[in-house]
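Down below is the structure, laid out as structure tokens.
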Amino acid sequence: MSEEKSLNFLEEIIENDIAAGKNNGRVHTRFPPEPNGYLHIGHATSICLNFGLAKKYNGKCNLRFDDTNPVTEETEYVESIKNDIRWLGFEWDGEYYASDYFDKLYDFAVVLIKKGLAYVDDSTAEQIAATKGSFEKPGQESPYRNRSVEENLQLFAEMKAGKYNDGEKTLRAKIDMAHPNLLLRDPLMYRIKHEHHHRTGDTWCIYPMYDYAHGQSDSIEEITHSICTLEFIHHRPLYNWFIEQLGIFPSHQYEFARRNLTYTVMSKRKLLQLVNDKHVSGWDDPRMPTVSGMRRRGYPAAALRQFSDTVGIAKRENIVDVGLLEFCVREHLNKTSNRVMAVLDPVKLVITNYPAGQEDIFEAENNPEDPNGGARPIPFSSELWIEREDFMENPPKKFFRLAVGNMVRLKSAYIVKCAGFKKDDAGNITEVHCSYLPESRSGNDTSGLVVKGTIHWVSVAHARTAEVRLYDRLFKVEDPSNEDGDFKDYINPDSLSVLPSVYIEPELAKAKPGDQVQFMRKGYFAVDTDSTENKLVFNRTVTLKDAWAKEVKKG
RNA sequence: AGUGCGAUGGUGUAACGGUAGCAUCACAGACUCUGACUCUGUUUGUCUAGGUUCGAAUCCUAGUCGCACUACCA
């Protein structure tokens, strides 16, 4: 209340409607997916918008499957869509299907025929296209346009009864073949498809077109605010025309600009290509911008909701930096993920003054952001794995990690001082040698020393292993759809790298699919569903911000 | 070409005739047993040209640029 948050243009419209007493102040939205594919982040935004608006204004939001094309639609998609919406944290009020309304829609069509506003056309698809006209030229009226009401009624009934083959006849609205808006040049209302429908089976062989079905479905459900993306703006006059001619509940359509994200593609067609051409492992590949992919990658639903909120909505073209999404993901994971230690690219560190074979157990805080996060035991011994990049033979200035003569803190354990290292014949460093300072024990440090660097480690004798999958952006360019040539030419060949055997602290071996942790200093990781009893698989959700990497880049 | 929609820092979004703000990014610093987190500070913007007005991102006019629309898809 104290802080005034500005409204987006839809909230403004809704608040004005409420203030004006429109629909008695009732707000009812709907999310209308077509069950022919998986939901992606663009849908997630629409879900947050529609369900969010309903929640904010004490209204309702229906889930309605727009299943008017039996050729492409399947029940399998219905289930995945419902699952994704629930995972995102929303529950719909009514669950409906456009196919629920096939009878009503048919009756509405009869009404329009009787009013002389619809007719059965024998033209072929090619003829209809050819007589449609163009942006500058008016179309031509169909020779079947002026059939009598009785004839239209009979032919339409015969279409429904299955007397005709696919494409032989259509039902068209009789509007205006010279209208500047091509959608109003006698648009198709029904086409014949002798196809099995996922819900109505073989009951129907005529199916309504989107423009005829969508608005009437909204109206039947008494949707007050029907929100869709900008490309439907030209459809609005038609949406209104049907509702007005039928005299049914006046739902209204509002359009907003769809969200685009950098370094990915969003169209179902393109995503399907990535799957079919095996550029990714499936719709739920963690590199995909699908809801299922992001879930598997470890993006929290709350982060997706926050992203949607932060980005906001408007009516202008946009492409949102994926960095903003990653920021939201980190913000949530930072609060909820336990810190653990894992060494991705190991080199051995030998503590020369620590007795070989001796072991010690340290208590490590699970999450400094969570006072109730508890602690876990971490075994320590004279030989540890550390990251190869945490030692340098010839360190640059401001390198706070290990180098001969340098001291660092081993996280949750001792301060060590580097005395030397070993190399193999090829010049690769094979061992780093250090001595530890017993008085610097974590939690009981009397050394008085302050060291600038802290590094993570895993005891060699106690280490377990896991597979780690590192993901990077799927494309090399910000907007692959907007580049010359095929978008697939811009796929990043290094978007996935697999580390088959990473050393992890023993406690981590208990992790279960879906668990999320921070590998200290390396990033946030989620246990993948490919994990088995014997082999854990971690997906890197997102890296940590890395100030040192930037420093190095600057040179 | 016609119609429609749009144009505010690198990105996204506010300001509804009266101080161009917020988030992210970038940069600088503080803090730090994660070069993380957190905190502080800084740089960067109203498409152009006219007009109305005491005052314009906002209103008017003309241009420029971008996007959408000519599927028996949604």
Side-chain angles (χ1 to χ4, degrees), chain A residues 5-8 12 32-34 36 66-69 71-73 121 123-125 128-129 132-137 139 166-172 179-183 185 188-193 206-207 209-211 213-214 228-237 255 257 259 262 268 309-328 330-331 334-335 339 341 364-365 368-369 398-401 408-415 440 442-443 445 450-456 478 518-524 543-551:
Chain A
K5 209 193 172 233
S6 57
L7 304 176
N8 65 48
E12 226 163 82
E34 186 189 9
N36 70 345
D66 227 330
D67 55 351
T68 56
N69 186 356
V71 180
T72 55
E73 295 153 3
D121 195 340
S123 304
T124 63
I128 289 175
K132 183 122 193 175
S134 66
F135 293 135
E136 318 85 68
K137 277 181 296 195
D166 288 9
E168 207 176 321
K169 284 182 166 41
T170 57
L171 184 73
R172 288 229 256 172
H179 202 285
N181 182 342
L182 271 56
L183 287 161
R185 316 240 264 227
L188 262 58
M189 293 168 60
Y190 274 92
R191 76 285 216 194
I192 300 171
K193 279 179 191 283
I206 56 172
Y207 292 93
M209 300 288 290
Y210 166 86
D211 281 308
H214 199 102
C228 62
T229 46
L230 231 41
E231 68 267 27
F232 289 98
I233 196 164
H234 302 278
H235 296 245
R236 194 169 66 209
E255 310 85 14
R259 305 260 64 117
T262 54
K268 274 186 201 169
D309 210 49
T310 304
V311 161
I313 60 153
K315 295 179 78 165
R316 69 182 89 109
E317 297 297 317
N318 61 79
I319 179 160
V320 185
D321 191 336
V322 70
L324 184 60
L325 212 206
E326 292 174 343
F327 166 83
C328 296
R330 286 193 190 100
E331 187 162 73
N334 176 50
K335 292 180 204 137
R339 275 58 172 171
M341 295 202 280
E365 186 185 21
E369 304 286 326
K398 294 203 258 179
F399 183 77
F400 306 139
R401 307 176 190 178
V408 299
R409 158 81 58 187
L410 294 174
K411 176 71 187 175
S412 301
Y414 297 106
I415 292 174
S440 67
S442 191
D445 186 344
V450 180
V451 293
K452 196 86 172 143
T454 299
I455 65 171
H456 60 277
E478 283 200 349
Q518 183 195 105
F519 286 181
M520 204 162 292
R521 304 208 300 137
K522 288 278 118 187
Y524 295 98
T543 59
L544 259 25
K545 285 220 286 191
D546 190 346
W548 173 242
K550 258 185 230 164
E551 191 68 33

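Values in this document were obtained by computation on a predicted structure and should not be read as measured data. Letters A, B, ... mirror the listed sequences (proteins, then strands); counts begin at 1.
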By side-chain hydrogen bond (donor to acceptor under 3.5 Å, both in side chains) - contacts of A:K550 (at least two apart): none

For the C1' atoms, the ones on B:G63 and on B:G10, what distance do you get once it is rounded to whole angstrom? 27 Å

Parallel, tilted or perpendicular for A:Y210 and A:F232, by the 30°/60° rule? tilted

Suppose you measure atom P in B:U43 against the same atom in B:C22; what distance do you get, rounded to whole Å? 12 Å

If you apply the rule side chain to side chain contact (heavy atoms under 4.5 Å, CB included), what do you find for A:L188 with A:I128, and how did you get there? CA-CA 10 Å; A:L188 262 58; A:I128 289 175; 4.0 Å; yes

In whole angstrom, give me the gap between the P atoms of B:A26 and B:C33. 25 Å

Base, sugar-phosphate, or nothing for A:H235, non-hydrogen atoms under 4.0 angstrom? base

Separation of the P atoms in B:G9 and B:U44, to the nearest angstrom: 14 Å

Nucleotide forming a Watson-Crick or wobble pair with B:U43, both distances under 3.5 Å: none

Expressed as a whole number of Å, how far does the P atom of B:G18 sit from that of B:G55? 14 Å

Mind checking if A:T262 touches a base, just sugar-phosphate, or nothing, with heavy atoms under 4.0 Å? nothing

Judged by atom type as modelled, is there a donor-acceptor pair below 3.5 Å linking the side chain of A:R330 to the main-chain atoms of A:Y524? no

Separation of A:M520 CE from A:R339 CZ (nearest 0.5 Å): 7.0 Å

Within the 4.0 Å heavy-atom criterion, would you say A:Q518 contacts the bases, only the backbone, or no part of the nucleic acid? base

Rounded to whole angstrom, note down the P distance from B:U13 over to B:U3. 27 Å

Write down the partner of B:C65 under the Watson-Crick or G-U wobble criteria, each distance required to be under 3.5 Å. B:G6

Watson-Crick or G-U wobble partner for B:C22, using a 3.5 Å limit on both distances? B:G12

Base, sugar-phosphate, or nothing for A:K193, non-hydrogen atoms under 4.0 angstrom? sugar-phosphate

By nearest-nucleotide position on RNA chain B, the 5'-leaning member of A:F519 and A:I313 is A:I313

Please classify the nucleic acid contact of A:P368 as base, sugar-phosphate, or nothing, using heavy-atom distances under 4.0 Å. base

Considering every strand and a 4.0 Å limit on heavy-atom distances, what is the contact class for A:A125: base, sugar-phosphate, or nothing? base

Within the structure shown, what part of the strands sits under 4.0 Å from A:G323 by heavy-atom distance: base, sugar-phosphate, or nothing? nothing

Classify the nucleic acid contact of A:Y524 as base, sugar-phosphate or nothing, counting any heavy atom under 4.0 Å across all strands shown. nothing

Sugar-phosphate only, base, or nothing, as touched by A:Y207 at under 4.0 Å among non-hydrogen atoms: nothing

Hey, is the main chain of A:V322 close enough, under 3.5 Å, to the side chain of A:T262 for a donor-acceptor pair? yes

Does A:R191 use its side chain to pair, donor to acceptor, with the backbone of A:T170 at less than 3.5 Å? no

Looking at every strand, decide which applies to A:K550 at a 4.0 Å heavy-atom threshold: base, sugar-phosphate, or nothing. sugar-phosphate

Taking atom NZ as the centre, does A:K452 end up with more than 12 heavy-atom neighbours from other residues, nucleotides or ligands that are less than 6.0 angstrom away? no

Select base, sugar-phosphate, or nothing to describe what A:K545 touches, counting heavy atoms under 4.0 Å on all strands. sugar-phosphate

Which part of the nucleic acid, if any, lies within contact of A:I455, taking any heavy atom under 4.0 Å across all strands shown: a base, the sugar-phosphate backbone alone, or nothing? nothing

Just to be sure I understand the rule, does A:E136 reach a base, reach only the sugar-phosphate, or reach nothing, if contact means heavy atoms closer than 4.0 Å? base

Please figure out whether A:L183 or A:M209 has its closest RNA chain B nucleotide nearer the 5' end. A:L183

Between B:U61 and B:C72 - P atom distance, rounded Å: 38 Å

Contact span of RNA chain B against chain A, any nucleotide atom under 4.0 Å from a heavy atom, 5' to 3', runs B:A1 to B:A74

Side-chain (A:R521) to main-chain (A:D546) donor-acceptor, under 3.5 angstrom: no

Please determine, for B:U34, whether a Watson-Crick or G-U wobble partner exists with both distances under 3.5 Å, and give it or none. none

For A:T310, report the nucleic acid contact type (base, sugar-phosphate, nothing); a contact means any heavy atom under 4.0 Å. sugar-phosphate

Between B:G29 and B:C47, how far apart are the P atoms? Round to whole Å, please. 35 Å

